[in-house]
Protein chains: 2
Amino acid sequence: MDKISALQVFEALSSSARLDTYLLLVGAGGTGIVAGELASRLDMAPSNLSFHLKNLAHAGLVTVEQEGRFQRYRANLALMRQVTGFLTDHCCGGHPEQCAELAAPATSANASPSCCEP
Amino acid sequence: MDKISALQVFEALSSSARLDTYLLLVGAGGTGIVAGELASRLDMAPSNLSFHLKNLAHAGLVTVEQEGRFQRYRANLALMRQVTGFLTDHCCGGHPEQCAELAAPATSANASPSCCEP
DNA sequence: TCCATGATTCTATGTTAGTGGAAGTGTTGT
DNA sequence: ACAACACTTCCACTAACATAGAATCATGGA
């Protein structure tokens, strides 16, 4: 994971349409969703959705698999974790071990204090 | 953490100038960096940097503190963890406990398999 | 082979974000 | 009070992104 990859991930998720798409795919888990169903569920024009899916796939956030004449998309949650890891690795001048609270598992419920807070 | 907050975070970090700024602040840890030093280190016009810092602060990724006539900025890494938690909470139809590997601590070194991979 | 279906690519149009320079706000020191 | 400094806000201009519709490509079935 380098800065350019991280930037691509953030650029990909910076659009409401793409974040919605990604969240839907994350919710679907390993089953994934085919493009047509995504379009109807998101109420999006197929060409528009295709544009955004291509963007997400380019960033590595989703994967595609051909299924007959369908295209099945799946979210790649591991990449998000790598991005978070990339950020925390740079914490405190490259010594993230100084920030113990960052190693704790993260959920939206627990709002831990900032890393290296004085 | 809701979808709008997550979107703001991604929008904020989707610019190379802002990601550079954020990484610099993350590296500085709790010490933070004043606006002028940020501008010289990033080789950015002060007005431009101010624009981006305001964006980052609006998303909650950085905090500001007045220090005489200086403005000291600090990164808020905890927010990134909340965003990751927000995404994983939606995994597999709202049952993230099905994805054990996601609970493991994340670094850029370990590239774990995707959540819910079949 | 021909047609219907699923999805993508192409093309244009409107909207939004990024940038630097000038002017303004607040703070410190004389 | 005045001047110097640190930073921000305002204002234009340029570049990039989002969207919809038409055309194109690929697959599966009659």
Side-chain angles (χ1 to χ4, degrees), chain A residues 3-25 28 31-76, chain B residues 3-25 28 31-76:
Chain A
K3 207 183 78 181
I4 291 154
S5 304
L7 194 60
Q8 280 184 334
V9 167
F10 291 129
E11 278 175 348
L13 294 178
S14 68
S15 145
S16 179
R18 287 196 290 271
L19 184 57
D20 285 342
T21 307
Y22 182 69
L23 286 175
L24 207 52
L25 288 172
T31 310
I33 307 179
V34 297
E37 193 182 337
L38 271 173
S40 65
R41 278 217 232 171
L42 294 165
D43 193 26
M44 218 183 287
S47 67
N48 192 17
L49 176 64
S50 186
F51 167 81
H52 290 301
L53 282 172
K54 191 182 171 186
N55 192 316
L56 285 166
H58 181 67
L61 284 164
V62 303
T63 57
V64 207
E65 193 186 354
Q66 181 115 15
E67 254 184 29
R69 59 180 123 177
F70 297 87
Q71 299 280 105
R72 183 168 296 274
Y73 285 88
R74 290 187 183 86
N76 176 19
Chain B
K3 206 183 76 181
I4 291 155
S5 304
L7 194 60
Q8 281 184 334
V9 167
F10 292 129
E11 280 175 345
L13 294 178
S14 68
S15 145
S16 178
R18 287 195 290 272
L19 184 57
D20 285 340
T21 307
Y22 183 69
L23 285 176
L24 207 53
L25 288 171
T31 310
I33 307 179
V34 296
E37 194 182 336
L38 272 173
S40 64
R41 278 217 233 172
L42 294 165
D43 193 27
M44 217 183 286
S47 66
N48 193 16
L49 176 64
S50 186
F51 168 80
H52 290 301
L53 282 170
K54 190 182 170 185
N55 192 317
L56 285 166
H58 181 67
L61 284 164
V62 303
T63 57
V64 207
E65 193 186 353
Q66 181 117 16
E67 255 184 31
R69 60 179 122 178
F70 298 86
Q71 300 279 106
R72 183 168 294 273
Y73 286 88
R74 290 188 184 87
N76 176 20

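Values in this document were obtained by computation on a predicted structure and should not be read as measured data.
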Visitor: Looking only at the side chain of Gln71(B) (C-beta and beyond, no hydrogens), which of the listed nucleotides dA7(C), dT27(D), dT8(D) gets closest?
Guide: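 So the side chain of Gln71(B) is nearest to dT8(D).
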
Visitor: The side chain of Ala35(B) lies closest to which of these nucleotides: dT8(D), dT19(D), dG18(C)?
Guide: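 Within the option list, the nearest is dT8(D).
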
Visitor: Just how far, in rounded Å, is P of dA18(D) from CD of Glu11(B)?
Guide: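 Rounded to whole Å, this separation is 10 Å.
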
Visitor: Given atom CZ of Arg72(A) and atom C1' of dA26(D), what is their separation to the nearest angstrom?
Guide: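 The distance from CZ of Arg72(A) to C1' of dA26(D) comes to 18 Å, rounded to the nearest Å.
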
Visitor: Whole angstroms only, please: what is the CZ-C1' distance between Phe70(B) and dC5(D)?
Guide: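 My rounded result for the distance is 8 Å.
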
Visitor: Expressed as a whole number of angstroms, how long is the span from Arg69(B):CZ to dG26(C):C1'?
Guide: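 Going from Arg69(B) (CZ) to dG26(C) (C1'), I get 11 Å.
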
Visitor: Salt bridge (Lys or Arg N to Asp or Glu O under 4.0 Å): which pairs involve residues 45-69 of chain B, sequence neighbours left out?
Guide: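 Listed by first then second residue: Glu65(B)-Arg74(B), Glu67(B)-Arg72(B).
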
Visitor: Near DNA chain D, counting only heavy atoms under 4.0 Å, which residues of residues 46-60 of chain A show up?
Guide: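 The stretch gives Ser47(A), Asn48(A), Phe51(A), His52(A) as the residues lying under 4.0 Å from the strand, ordered by number.
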
Visitor: Taking OP1 and OP2 of dG18(C), is either one under 4.0 Å from a side-chain nitrogen or oxygen of Arg18(B)?
Guide: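 Answer is yes, contact under 4.0 Å.
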
Visitor: Going by side-chain contact (heavy atoms from CB on, under 4.5 Å), Tyr73(B) matches just one of Ile33(B), Leu49(B), Val62(B), Thr63(B). Which one?
Guide: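 It is Val62(B), the one option of Ile33(B), Leu49(B), Val62(B), Thr63(B) that forms the side-chain contact (heavy atoms from CB on, under 4.5 Å) with Tyr73(B).
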
Visitor: Near DNA chain C, under 4.0 Å by heavy atom, which residues of residues 37-45 of chain A?
Guide: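 Under 4.0 Å from DNA chain C: no residue of residues 37-45 of chain A.
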
Visitor: So, is Tyr73(A) near the phosphate of dG6(C), with a side-chain N or O under 4.0 Å from OP1 or OP2?
Guide: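 False: Tyr73(A) side-chain N/O out of range (4.0 Å or more) of dG6(C) OP1/OP2.
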
